[in-house]
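Let me begin by presenting the structure, written as structure tokens, before commenting on it.
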Amino acid sequence: MQKLVIDGGRPLSGEIKVQGAKNAVLPVLAACTLCSREVRLSNCPCISDRYGAARILTSLGGKVRADGTDMTVDCTDIDSSSISSELMRTMRSSIIFMGALMGRTGKCTLCYPGGCDLGPRPIDMHLSAMKKMGAVITDEHGIIECSAPEGLTGCKISLSFPSVGATENILLAAVTAKGETVISNCAREPEITCLADFLIACGAHINGAGGSRITVEGVERLSAPRESFAIIPDRIAAATYLSCCACAGGELMLTDCCPAHMEAILPLFEQMGMYVRSFGSNIYIQKTGGLKAADTIRTMVYPGFPTDAQAIIMAPLCTAEGTTVFVENIFENRYRHTGALSRMGADIRAEGKVAVVTGVPALYGAASEAPDLRGGAAIVCAALGASGRSEITRTELIDRGYDSIEAILSSAGAKISRII
Ligand code: EPZ
């Protein structure tokens with residue numbers, strides 16, 4: 001079993017180029033299913049979920065080539081509309097191939113998706129939107145069959161919750177549906193805007209992405225962007241490296257990131273006492289002394305504080321002076337990292353949506369298992385600042401969303417290695 005071995009207590013220094021966004025490249029790869037010409041993508045992170053999406057595309061008859069962070073995807077001749085359970089279960093975002101396949105072929109066969117165990121994670125909003133657009137859906141023992149032989153028809157859809165995945169699925173189904181689709185109370189995350197920008201570059205007619213109401217006018221078919229399409233920077237990976245510095249000390253310059261996507265994140269690092277300056281696509285951070293507890297942190301939909309950064313920002317706050325209260329409003333089971341942090345000496349009491357973190361003078365290295373993607377990343381952050389050695393298993397969960405995390409941190413002075 002692979003593990004990351006970290007000898008903590010070494011301040012970081014240097015420059016880190018932030019990877020492309022996992023949660024942007026996955027919907028864009030699904031959207032390639034709609035394109036009848038070859039698509040070129042750049043700034044695609046080399047993460048295992050990207051390979052999962054590529055496997056799904058090739059299983060549908062698409063052709064995928066990769067050269068580092070550049071990808072070429074050709075779905076001109078896709079010849080299937082069903083995705084195996086094994087491929088569906090590799091990640092949550094496999095479910096947004098539903099909208100893409102319905103948009104391209106008018107049918108699909110798939111099962112419930114996988115992904116981090118953060119709670120029930122139902123897909124009711126996805127399914128009810130497809131039905132509203134005219135799909136006939138059966139669910140036999142978890143195998144979902146969708147069909148719309150006459151194609152989908154645009155309509156008004158109001159989401160009960162601004163679900164990221166449901167918004168993406170509806171967008172992918174609506175761009176080639178007959179007539180107009182209006183999505184109200186939709187997700188506003190930057191990854192939604194990235195997907196919409198990609199679809200528009202392919203010839204889709206979309207207005208309002210980034211706001212809470214998106215209008216789509218269906219077109220006959222999508223072509224492909226004329227130029228290579230660049231995936232936006234990963235705001236959660238950027239937050240992770242800022243947290244590594246807050247835990248380990250030292251200073252970092254993050255490049256190729258988008259500070260504008262992090263307006264709910266950066267002030268928290270300043271609040272805890274870090275020196276933070278952003279300019280252009282760079283963020284400079286420096287630890288100038290002991291950390292202080294932050295005001296109550298409530299996870300919200302964008303542009304609020306992102307749930308994906310909750311575990312990550314908890315790591316440095318474990319050794320901040322004072323008490324920080326967390327309220328997790330998005331997922332039911334997103335404190336699975338608190339056990340590992342407590343075994344490193346943290347004082348955390350988690351109950352339901354709330355976790356109370358009381359700072360301790362220091363953490364110490366321990367052996368732990370990554371509970372999920374962002375929980376695993378939080379344990380890495382904490383281990384960098386802990387005294388002594390930590391060993392973290394289930395690294396495959398961390399590799400789902402982070403491109404070469406040990407190489408990047410080693411280059412910034414961390415003592416971290418991967419034992420195969
Ligand atoms: C996306 O998941 C991200 N994943 C998650 O990132 C992120 O945490 C989440 O959005 C929220 O920002 C990808 O983009 C691949 P949701 P998604 O639909 O689409 C409930 C990471 O670490 N819900 O916005 O699954 C759901 O249970 C991952 O990178 C329904 O009830 O999130 C949750 O409580 C983790 N019914 C809430 O809505 C539905 O039909 C938000 O889910 C759909 C969702």
Side-chain angles (χ1 to χ4, degrees), residues 19-31 45 47-50 52-53 56 88 90-99 112-132 137 139 144 157-172 183 185-195 212 231-232 234-240 261 264-265 299-313 328-337 352-353 370-378 397-403:
Q19 68 182 56
K22 164 178 96 79
N23 292 346
V25 72
L26 297 176
V28 166
L29 286 170
I47 54 175
S48 59
D49 273 9
R50 175 188 123 180
I56 291 175
M88 283 298 294
T90 56
M91 57 188 175
R92 171 76 179 179
S93 67
S94 56
I95 193 60
I96 51 180
F97 277 87
M98 175 194 288
Y112 283 77
C116 289
D117 177 7
L118 307 173
R121 303 189 81 177
I123 58 169
D124 55 304
M125 286 191 260
H126 300 244
L127 299 177
S128 58
M130 291 301 129
K131 285 177 189 162
K132 212 165 173 204
I137 298 179
D139 179 348
I144 301 168
I157 298 170
S158 177
L159 292 175
S160 57
F161 180 89
S163 155
V164 170
T167 302
E168 291 166 346
N169 242 336
I170 299 166
L171 269 179
L172 291 168
I183 318 168
N185 193 31
C186 58
R188 300 171 52 192
E189 277 70 2
E191 293 77 23
I192 300 288
T193 306
C194 182
L195 173 62
S212 50
I231 299 298
I232 59 170
D234 194 316
R235 57 198 169 103
I236 307 302
T240 305
H261 293 163
I265 297 171
T299 64
M300 308 293 284
V301 296
Y302 193 87
F305 183 81
T307 174
D308 293 347
Q310 176 255 104
I312 287 154
I313 204 115
E328 173 55 58
N329 292 308
I330 307 296
F331 289 105
E332 297 84 351
N333 181 26
R334 201 162 198 177
Y335 287 131
R336 297 173 64 221
H337 48 282
K353 295 168 64 147
D372 50 54
L373 165 58
R374 305 303 176 183
L397 294 177
I398 300 171
D399 296 338
R400 287 191 48 215
Y402 291 91
D403 183 347

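Read the numbers this way: they start at 1 and go in the same order the structure lists the ligands and their atoms.
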If you count the atoms of ligand 1 from 1 in the order shown, which ones are under 4.0 Å from a heavy atom of [X]?
X: Phe161; result: 37 (C), 38 (O), 41 (C)
X: Arg334; result: 8 (O), 22 (O), 35 (C)
X: Met125; result: 23 (N), 30 (C), 36 (N), 39 (C), 40 (O), 43 (C), 44 (C)
X: Ser93; result: 15 (C)
X: Arg92; result: 25 (O), 43 (C)
X: Leu118; result: 35 (C)

Relative to atom 18 (O) of ligand 1, which among Ser94, Pro162, Ser163 owns the nearest non-hydrogen atom?
->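 It is Ser163 whose heavy atom sits nearest to atom 18 (O) of ligand 1.
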Residue, atom name and distance, where the atom is the protein heavy atom closest to [atom]:
atom: atom 6 (O) of ligand 1; result: Asp308 OD2, 3.0 Å
atom: atom 3 (C) of ligand 1; result: Asn23 ND2, 3.7 Å
atom: atom 43 (C) of ligand 1; result: Pro122 O, 3.4 Å
atom: atom 24 (O) of ligand 1; result: Val164 N, 2.8 Å
atom: atom 22 (O) of ligand 1; result: Arg374 NE, 3.0 Å
atom: atom 32 (O) of ligand 1; result: Phe331 CZ, 4.1 Å
atom: atom 2 (O) of ligand 1; result: Arg121 NH2, 3.4 Å
atom: atom 19 (O) of ligand 1; result: Gly165 N, 2.8 Å

Tell me, please, which residues at least two apart from Asp403 pass salt bridge (Lys or Arg N to Asp or Glu O under 4.0 Å).
->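 So Asp403 forms no salt bridge (Lys or Arg N to Asp or Glu O under 4.0 Å) with any residue.
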Would you please test Glu189 and Val301 for side chain to side chain contact (heavy atoms under 4.5 Å, CB included) and show each step?
-> CA-CA 8 Å; Glu189 277 70 2; Val301 296; 4.2 Å; yes
Check whether any side-chain heavy atom of Ile192 sits under 4.5 Å from a side-chain heavy atom of Tyr302, and report yes or no.
->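 A side-chain contact is absent here, since even the closest heavy-atom pair is not under 4.5 Å.
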Using a strict 4.0 Å threshold on nitrogen-to-oxygen distance, state whether Asp308 and Arg334 make a salt bridge.
->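 Yes.
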Please report the shortest heavy-atom distance between [X] and [Y], naming the atom on each side.
X: Ile398; Y: Ala377; answer: CG1-N, 4.3 Å
X: Asp372; Y: Cys116; answer: CB-SG, 3.7 Å
X: Pro45; Y: Gly20; answer: CG-O, 3.2 Å
X: Arg374; Y: Asn23; answer: NH2-ND2, 4.3 Å

Any protein heavy atom sitting closer than 4.0 Å to atom 28 (C) of ligand 1?
->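 Looking at atom 28 (C) of ligand 1, one finds that a protein heavy atom does lie closer than 4.0 Å.
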Does Asp49 come within less than 4.0 Å of ligand 1, judged by its heavy atoms?
->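 No, Asp49 has no heavy atom closer than 4.0 Å to ligand 1.
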Looking only at heavy atoms of Glu328, does any of them come nearer than 4.0 Å to an atom of ligand 1?
->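 Judged by the 4.0 Å heavy-atom criterion, Glu328 does not count as contacting ligand 1.
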Of the side chain and backbone of [X], name the one, both, or neither that has a heavy atom under 4.0 Å from an atom of ligand 1.
X: Asp124; value: both
X: Met91; value: neither
X: Ile330; value: both
X: Met300; value: neither

Side-chain donor or acceptor of Arg92 paired with backbone N/O of Arg121 under 3.5 Å |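 Yes; judged by distance alone, with no hydrogens or angles, the pair exists.
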So, Thr299 versus Gln310: side-chain donor-acceptor pair below 3.5 Å or not?
->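 Distance-only check fails for Thr299 and Gln310.
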Do you see a donor-acceptor pair shorter than 3.5 Å between the side chains of Tyr112 and Asp139?
->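 Yes - a donor-acceptor pair under 3.5 Å links their side chains.
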Sort out for me which residue in Lys22, His261, Arg235 forms a side chain to side chain donor-acceptor pair (under 3.5 Å) with Glu191.
->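 Going through Lys22, His261, Arg235 one by one, the side chain to side chain donor-acceptor pair (under 3.5 Å) with Glu191 is satisfied by Arg235 alone.
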By side chain to side chain contact (heavy atoms under 4.5 Å, CB included) - contacts of Lys353 (at least two apart) =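 Only Val327, Asn329 meet the side chain to side chain contact (heavy atoms under 4.5 Å, CB included) criterion with Lys353.
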